[in-house]
Structure formats: structure tokens, C-alpha cells
Amino acid sequence: MKKLFTFFAMVIAAATVSSCAPKVPESDRVLTEIDSLYCSGNAENMAKAREMLRELEREYPRYSDLLVFLGNYALDDEQYDVAVDYFTRAIKCYGKASKFDHYYLYGIRAFAYRDMGNYEAAVCDLNKTYELALDDDPEVAIRAILYRADVRYKQQMYDESNADCEWILSQDSLNYEALICIARNHNAQGLYSEAIELVNKCEQINPDYYAISKIRMQSYLGLGEMHKAINDAVRFVELTDPAQIGEADLIMNADISYAHKCIDAKIEQSANSERLQFYKSNLYILAGEFDKCMSYLSTLEKRFGERYEIMVCRAKCYQYMGDAENEQIELAKAFELVQLDNNKQIREKE
């Protein structure tokens, strides 16, 4: 059976054109066009792509792979009930000609159920994913249990979540994600020292795993050891996706002066310190030093040119200053820049 997606990437990976079975005339060509339009980032093109999918749906309502496309788009829109409906229909229509693994359909529906807060339905689908993947892809089966542990965490069922992780560790003692999951459970229960012990063990296995610094900074925060927490927060900013680094703000805000010193030291040491330089501007916002933030952003713009991160931070600064007009101008420029970059990437691929 073909592995079109890893289970870990299901929720964020939209179906690719190569994964679509030619069940209808010209389906590959049409879906290629739809995918290209949707990935352009242009609002008009994305709307056109959605309409083309809806037209195909009206003509081929039992086209399983098409229904998966529609379900993924609904997930992008955070329309989880709509996504569940599409994935359910895709499961009912599933056949051997489908290019998706059967377990994928249950796995992706589990994410939709989870995000809409229907945790027990998510657990049922993850159980089914485990059952279907166990023989064909044991790695995916293990991931199904890992995600079940995550759902149990959201339900505050920490003993059950830990039990799932312990089972994974019995299969693979070096599974750092299971270790981190237990550490997160410990933090939720106020067992901060126990969490740090597990995180340190995880660090020996994979020192560059972003969640190490994320979980440990929260542990140190709980223990009141703020400088240690800030050290980990700086590492978290350095490693993680820019969209998630706001989680470090609470930590940094405990001692802005120390946070500046830590980030400055890291910038001097690191050959690739762009993320830290962009985040430094955020420290000025946290401290209410808006003039310093604007000046620093101008310096970054001279160094790096027009960058999305700079525009978004400037918009945030305007927001805190109460200047809604300039905030919207900066956000519009940021999104326009993203669209230009997306279009450039598409042209380069062509």
C-alpha cells in the first residue's frame, strides 16, 4: 500500500494531485489546475479552485478522493463539522481504486473531530486507524496511539494518556515524542521537577526537538525559576515555527532586560539568527517601548529588505499604539508579499 502521507503530517498536508485516482474523465488534469490555483495564495484563485471542486462534486458525488480534497479544504477553513461530513462520505465511498490509504481517512477525520471538541469520536477513529495500519504500516499505528494520548491530554485524562505513551515506549524506548507527552502531562498536574527530568532525557535523544524547550520553559515557570525559563524560551524561539513563538511571550515578560541579554548573546553566537532578530522587536512591544520597536524594525528592513515578519511585527506595534489604520496597511502589505512569494514559487516550478 502506498504511503502518500505520514500520519504526523495529515492534518496540515492537503491532498496532492498525484494522490488523486483518475476515476473521472480528465480528473488528474482538472485536479492539477485546482491544486495550482488553491496553492497560489491568491484569494480570487482560491475561491475559483473551491468552486471547481464543488462543480466536480455535483457531477461525481461519490468520488472518494475528491471528497478528501474538499474535507481538507474545510479543515483549512476550520469548518470541522463540514470536514467530518466530507471524510465520512469518503469513507463510505472508499474502494480499492482510491489512492489514499484507508487508515488515512479515519486518521484525518480524527483530527477534525478533535478540533471540534468531539474527543470520544476522535478516539474511536484513532483506534480504527491503529487497527487498519497495524499490519501495513506499524509506524503509523504507533502514531495513532500517540495522537490518542494527545486527545486524552485534552480531556485531562492524564493517567490514560500516560498509559498510551508508556505502551509506545515499550515498543521504542527512544521515542522522544512519547517522553515529551508524559512531561506535558506532568506539567498539567503540577509535577514540574518530574517533567524536567523527562525533558532532559528527551534532550539526550534529540537535542534539536523544539518541544524540549517549550515544555521545559513551562516547567521552570511553574517552579518560579524565571531565568532558566527565559533561556529555554530563547531556544524555543530559535527552533520553532514563527506562528507559535507567541507562547514564549509570557516567559520573556517576566524579565525583559534578561531576555534581551540572552537573545543578544545568541545572535552573536549563531550564524543563522534571523528568527531571534525578528523576535527581539517583539520584546520592545512587550515592554511598551514602541518607538524603540519601530526604530529596530527599520534597522532590520535595511538589513533584510521587505520581509513578512517585519511587516507583521510593525502591524502589531501599531495595534498596541491604537493606530488601526496603519495596522491594516502593514497587514495588507504583509499578505500581498506572501501572495507574490507564492506566485513566484509556482512560476519557478512550472
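For reference, positions follow the sequence shown, starting with 1.
Contact record, K280 with I263: CB-CG2, 4.3 Å, taken as the closest heavy-atom pair. When all heavy atoms of L134 and A141 are compared, the pair lying nearest together is CA-CB, 3.8 Å. Here the closest heavy-atom approach between residue I212 and residue E203 is recorded as CD1-CA, 3.5 Å. Pairing each heavy atom of A195 with each of H186, the nearest pair is CB-CB, 3.8 Å. The two residues T240 and Y210 make their nearest non-hydrogen contact at OG1-CD1, 3.5 Å.
When side chains are defined from C-beta on, Q218 does not count as touching R184, because their heavy atoms never get closer than 4.5 Å. Residues R307 and E274 are in side-chain contact: their nearest non-hydrogen atoms beyond the backbone lie under 4.5 Å apart. By the 4.5 Å heavy-atom criterion applied to side chains, I180 and V199 are counted as neighbours. You'll find the side chain of K128 stays beyond 4.5 Å of the side chain of R109, heavy atoms only.
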message: Run Y176 and Q204 through side chain to side chain contact (heavy atoms under 4.5 Å, CB included) and show every step you take.
response: CA-CA 9 Å; Y176 52 87; Q204 295 174 0; over 6 Å; no
field: CA sep, side-chain torsions, deciding dist, call: D85, T88, side chain to side chain contact (heavy atoms under 4.5 Å, CB included)
entry: CA-CA 5 Å; D85 179 65; T88 300; 5.5 Å; no
- request: Begin from the C-alpha positions of M311 and L297 and carry the test side chain to side chain contact (heavy atoms under 4.5 Å, CB included) through to its verdict.
  value: CA-CA 9 Å; M311 295 172 184; L297 288 172; over 6 Å; no
- prompt: Where do Y258 and M226 land on the side chain to side chain contact (heavy atoms under 4.5 Å, CB included) test, with the steps shown first?
  reply: CA-CA 10 Å; Y258 183 76; M226 298 314 304; over 6 Å; no
message: Working note: D208 + R235, criterion salt bridge (Lys or Arg N to Asp or Glu O under 4.0 Å); need CA distance, chi angles, decisive distance, verdict.
response: CA-CA 9 Å; D208 292 328; R235 180 65 171 159; 2.9 Å; yes
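Of the charged side-chain nitrogens involved, at least one lies within less than 4.0 Å of a carboxylate oxygen, so that R50 and D77 count as a salt-bridged pair. Classification of R114 and D125 as a salt-bridged pair fails, no side-chain N sitting under 4.0 Å from a carboxylate O. Ion pairing of K48 with E51 is absent here, as no side-chain N (NZ or NE/NH1/NH2) approaches a carboxylate O to less than 4.0 Å. Contact check on E336 versus K333 returns no salt bridge, with no Lys/Arg side-chain nitrogen under 4.0 Å from an Asp/Glu carboxylate oxygen. In summary, R152 and E160 do not engage in a salt bridge, as defined by a charged side-chain N under 4.0 Å from a carboxylate O.
When only modelled atom types and interatomic distance are considered, Y279 and D249 share a side-chain donor-acceptor pair under 3.5 Å.
No donor-acceptor pair closer than 3.5 Å links the side chain of S161 to the backbone N or O of M157. With hydrogens and angles disregarded, a donor-acceptor distance shorter than 3.5 Å links the side chain of Y94 to the backbone of H102. Not a single donor-acceptor pair under 3.5 Å links the side chain of R54 to the backbone N or O of L70. When atom types are taken as modelled, the side chain of T129 and the backbone of G107 share a donor-acceptor pair closer than 3.5 angstrom. Within the 3.5 Å criterion, the main-chain N or O of A90 finds a donor-acceptor partner in the side chain of S64. With hydrogens and angles disregarded, a donor-acceptor distance shorter than 3.5 Å links the side chain of Y296 to the backbone of Q277. Looking at N187, its side chain does come within 3.5 Å of a backbone N or O of I215 through a donor-acceptor pair.
Of the candidates K302, E301, R303, T299 forms a side chain to side chain contact (heavy atoms under 4.5 Å, CB included) with just one, namely R303. Results of the side chain to side chain contact (heavy atoms under 4.5 Å, CB included) test with Y103 over L126, L132, I108 single out L132 as the only residue that passes. Exactly one residue among E327, Q319, E325 makes a side chain to side chain contact (heavy atoms under 4.5 Å, CB included) with D323. That residue is E325.
Within 6.0 Å of atom CZ in F290, more than 12 heavy atoms from other residues, nucleotides or ligands are found, so the atom counts as buried in its surroundings. Counting non-hydrogen atoms of neighbouring residues, nucleotides and ligands closer than 6.0 angstrom, the NZ atom of K292 reaches no more than 12 such neighbours. For CZ of F304, the number of neighbouring non-hydrogen atoms (other residues, nucleotides, ligands) closer than 6.0 Å is greater than 12. For CD of E225, the number of neighbouring non-hydrogen atoms (other residues, nucleotides, ligands) closer than 6.0 Å is greater than 12.
For the pair R148 and Y130, the cation does not sit on the ring face, since its NZ or CZ is not both under 6.0 Å from the ring centre and inside 45° of the axis.
For residues 190-200, the set of pairs meeting the side chain to side chain donor-acceptor pair (under 3.5 Å) definition, not counting sequence neighbours, comprises N200-R216.
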Could you list the donor-acceptor pairs under 3.5 angstrom formed by side chains in residues 166-175, with sequence neighbours left out?
residue: S170; atom: OG; partner: W167; partner atom: O; Å: 2.4
residue: D172; atom: OD1; partner: L174; partner atom: N; Å: 3.1
residue: N175; atom: OD1; partner: E177; partner atom: N; Å: 3.2
residue: N175; atom: OD1; partner: A178; partner atom: N; Å: 3.0

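Aromatic ring centroids of Y86 and Y73 lie 6.0 Å or more apart.
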